[in-house]
2 protein chains.
Amino acid sequence: MTTRTATAGVTDSGGRPVPRRLLAAATRLFAERGYDRTSVQEIVEAAGVTKGALYHYFGSKDDLLHEVYGRVLRLQQERLDGFAGADAPVEQRLRAAAADVVVTTIENLDDTKIFFRSMHHLGPEKCKQVRAERRRYHERFRALVEEGQRTGVFSSATPADLVVDYHFGSVHHLGSWYRPDGALTPRQVADHLADLLMRALRP
Amino acid sequence: MTTRTATAGVTDSGGRPVPRRLLAAATRLFAERGYDRTSVQEIVEAAGVTKGALYHYFGSKDDLLHEVYGRVLRLQQERLDGFAGADAPVEQRLRAAAADVVVTTIENLDDTKIFFRSMHHLGPEKCKQVRAERRRYHERFRALVEEGQRTGVFSSATPADLVVDYHFGSVHHLGSWYRPDGALTPRQVADHLADLLMRALRP
DNA sequence: CACGACATACCGACCGGTTAGTCTGCGCGG
DNA sequence: CCGCGCAGACTAACCGGTCGGTATGTCGTG
């Protein structure tokens with residue numbers, strides 16, 4: 001038997017459930033051409049279904065985007081919490097978290113490209129929700145920097161807020177220059193960027 | 001008589017020439033709502049003219065965007081060349097350049113927001129031209145880092161390319177978090193970010 | 001200075017094409 | 001035979017761009 005869930009009918013020739021196929025197609029196309037330049041017609045064609053299917057599972061085109069955001073946001077928050085709450089010196093926790101966000105960003109480069117480029121296409125309500133989650137993430141990261149600054153292992157020359165924005169800026173920017181077929185692996189890039197952050201924070 | 005250039009007819013109630021008004025309106029609206037979400041009708045209404053006027057001065061909606069890019073690109077390249085070619089130790093030249101790009105980015109925040117968010121809306125030809133200019137800028141900056149690494153005043157732990165992308169990432173990101181009514185002046189932000197770069201480059 | 005020829009600056013109605021979203025109905029598993 | 005999951009035609013709105021027309025100069029010439 002093929003790999004297929006118990007609820008048949010929700011899958012077909014593609015082998016994967018229709019909602020996932022739609023989300024995957026939308027993610028790829030949004031990352032390639034941007035949200036506005038991608039029509040729902042193109043999405044449903046890429047997923048091998050029709051508009052009826054899309055609007056059966058999603059309320060609107062916005063919903064598709066919001067779903068993409070939700071996935072990557074939840075993933076990164078979860079991982080950050082894991083690293084931040086570990087039992088290790090603060091400089092190791094920050095370094096691990098700073099490197100990990102780079103790796104997961106590169107591994108989900110399509111999602112994150114969309115995230116940073118199309119945020120303003122969301123309706124005001126969903127936009128606020130996303131901003132709030134993003135803010136939580138930011139603050140968790142900042143708390144790590146502040147902890148290191150309080151205990152003296154990091155320099156306090158720069159406000160922690162700015163340090164975090166500095167690092168996330170480079171993460172945000174990855175979609176603009178990182179090429180999977182380039183010379184550096186995600187891990188190597190992550191190590192370099194984390195190094196830069198830690199070196200900037202040396203007392 | 002009022003302050004009005006010799007070639008009357010090109011100005012009216014606004015007092016400023018129509019092409020400038022169109023460009024200013026387009027810049028503001030593109031930065032606020034994005035390129036695709038701004039209709040040419042909205043642009044001409046904000047500028048107090050009609051579509052006839054817009055297509056009299058500009059070939060297409062793309063042209064408007066390209067013009068915005070050209071302005072900020074020329075400005076920043078010019079300033080970078082000035083700082084890079086100065087007669088001073090390389091660490092002072094890099095620091096000055098790194099801080100200056102932050103200041104000019106903040107001072108033209110609308111333009112740079114558009115730049116990084118809407119680049120992919122340009123046609124392939126204009127897109128290549130913009131990318132080429134951007135690349136020149138990037139390489140000029142990288143040369144400074146490499147010079148410092150060669151002469152031993154900067155650490156060579158991280159490839160110069162990555163260092164430049166790291167810094168430009170934070171610059172790129174400014175439009176997402178810097179608020180003109182915030183606590184920090186552009187100059188203060190620039191000093192902090194340049195500090196972070198220089199500290200990361202310490203041997 | 002008078003006057004016709006031409007140029008510039010702009011208006012606003014209009015058009016072909018595209019879009020997100022809706023609605024009706026069909027096939028099939030239970 | 002019911003209803004879930006989906007097909008696909010349809011629509012109303014909107015968009016970028018075009019075009020004929022007009023008002024206001026400017027300039028060459030006699």
Side-chain angles (χ1 to χ4, degrees), chain A residues 1-2 4-26 29-30 33-68 118 120-123 126, chain B residues 1-2 4-26 29-30 33-68 118 120-126:
Chain A
M1 75 177 67
T2 60
R4 139 173 329 208
T5 52
T7 57
V10 82
T11 70
D12 78 343
S13 62
R16 284 161 61 209
V18 171
R20 286 193 86 79
R21 292 220 314 273
L22 281 165
L23 217 48
L29 289 169
F30 287 166
R33 306 212 257 276
Y35 178 79
D36 279 312
R37 313 286 268 222
T38 304
S39 68
V40 306
Q41 193 59 42
E42 290 173 315
I43 296 170
V44 298
E45 275 168 17
V49 293
T50 61
K51 292 219 274 189
L54 195 155
Y55 283 97
H56 179 71
Y57 290 109
F58 299 93
S60 66
K61 196 184 171 189
D62 273 31
D63 265 13
L64 234 31
L65 192 58
H66 189 240
E67 212 59 46
V68 174
S118 310
H120 57 295
H121 292 314
L122 251 52
K126 286 174 190 159
Chain B
M1 79 175 62
T2 61
R4 139 173 326 208
T5 53
T7 58
V10 82
T11 70
D12 77 342
S13 60
R16 283 160 63 208
V18 170
R20 286 194 87 79
R21 293 219 313 271
L22 281 165
L23 217 49
L29 289 169
F30 287 165
R33 305 211 257 277
Y35 178 79
D36 278 315
R37 313 286 268 220
T38 305
S39 69
V40 306
Q41 194 58 45
E42 290 173 316
I43 296 171
V44 298
E45 275 169 17
V49 293
T50 62
K51 290 218 273 189
L54 194 155
Y55 284 97
H56 178 71
Y57 290 108
F58 300 93
S60 66
K61 196 184 171 189
D62 274 30
D63 267 12
L64 236 31
L65 192 58
H66 190 240
E67 210 58 46
V68 174
S118 308
H120 56 293
H121 293 314
L122 250 53
E125 183 196 348
K126 287 174 191 159

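By convention in this document, chain letters (A, B, ...) are assigned in the order of the sequence lines, proteins followed by strands, and residues within each chain are numbered from 1.
Not a single side-chain contact (heavy atoms from CB on, under 4.5 Å) links A:Thr50 to another residue, sequence neighbours left out. Residues satisfying the ring pair (Phe, Tyr, Trp, His ring centres under 6.0 Å) test with A:Phe30, not counting sequence neighbours, are A:Tyr35. Every residue two or more places apart in sequence or in another chain that forms a side-chain contact (heavy atoms from CB on, under 4.5 Å) with A:Gln41 is listed here: A:Ser39, A:Val44, A:Glu45, A:Lys51. Annotation: side-chain contact (heavy atoms from CB on, under 4.5 Å) contacts of B:Ala47 (sequence neighbours excluded): B:Arg21, B:Leu22, B:Ala25, B:Val49.
Residue B:Phe58 contributes atom CZ, which lies 15 Å from atom P of D:dT18 at whole-angstrom precision. In this structure, A:Glu45 places its CD atom 14 Å from C1' of C:dT18, rounding to the nearest Å. Atom P of nucleotide C:dT19 and atom CZ of A:Arg33 are separated by 10 Å, given to the nearest angstrom. Nucleotide C:dT19 holds its P atom 15 Å from the NE2 atom of A:His121, rounded to whole Å. What separates CG of B:Leu54 from P of D:dC19 is a distance of 16 Å, to the nearest Å.
Looking only at side-chain heavy atoms (C-beta outward), B:Asp63 and B:Lys126 come within less than 4.5 Å of each other. Put simply, the side chain of B:Val18 does not reach to within 4.5 Å of the side chain of B:Leu54, judged on heavy atoms.
A donor-acceptor pair is defined here as one N or O able to donate and one able to accept, closer than 3.5 Å; such a pair exists between the side chain of B:Lys61 and the backbone of B:Thr38.
Distances shorter than 4.0 Å separate none of the side-chain N or O atoms of B:His56 from OP1 or OP2 on C:dC10.
Rounded to 10°, the helix from C:dC1-D:dG30 to C:dG30-D:dC1 has 10° between the axis fitted to its first five pairs and the one fitted to its last five.
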ask   = Nucleotide by nucleotide, 5' to 3', does protein get under 4.0 Å of the base (B), only the sugar-phosphate (S), or neither (-) in nucleotides 20-26 of chain C, counting heavy atoms?
value = BBB----
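With hydrogens and angles left out, the side-chain atoms of A:Asp62 and A:His121 include no donor and acceptor closer than 3.5 Å.
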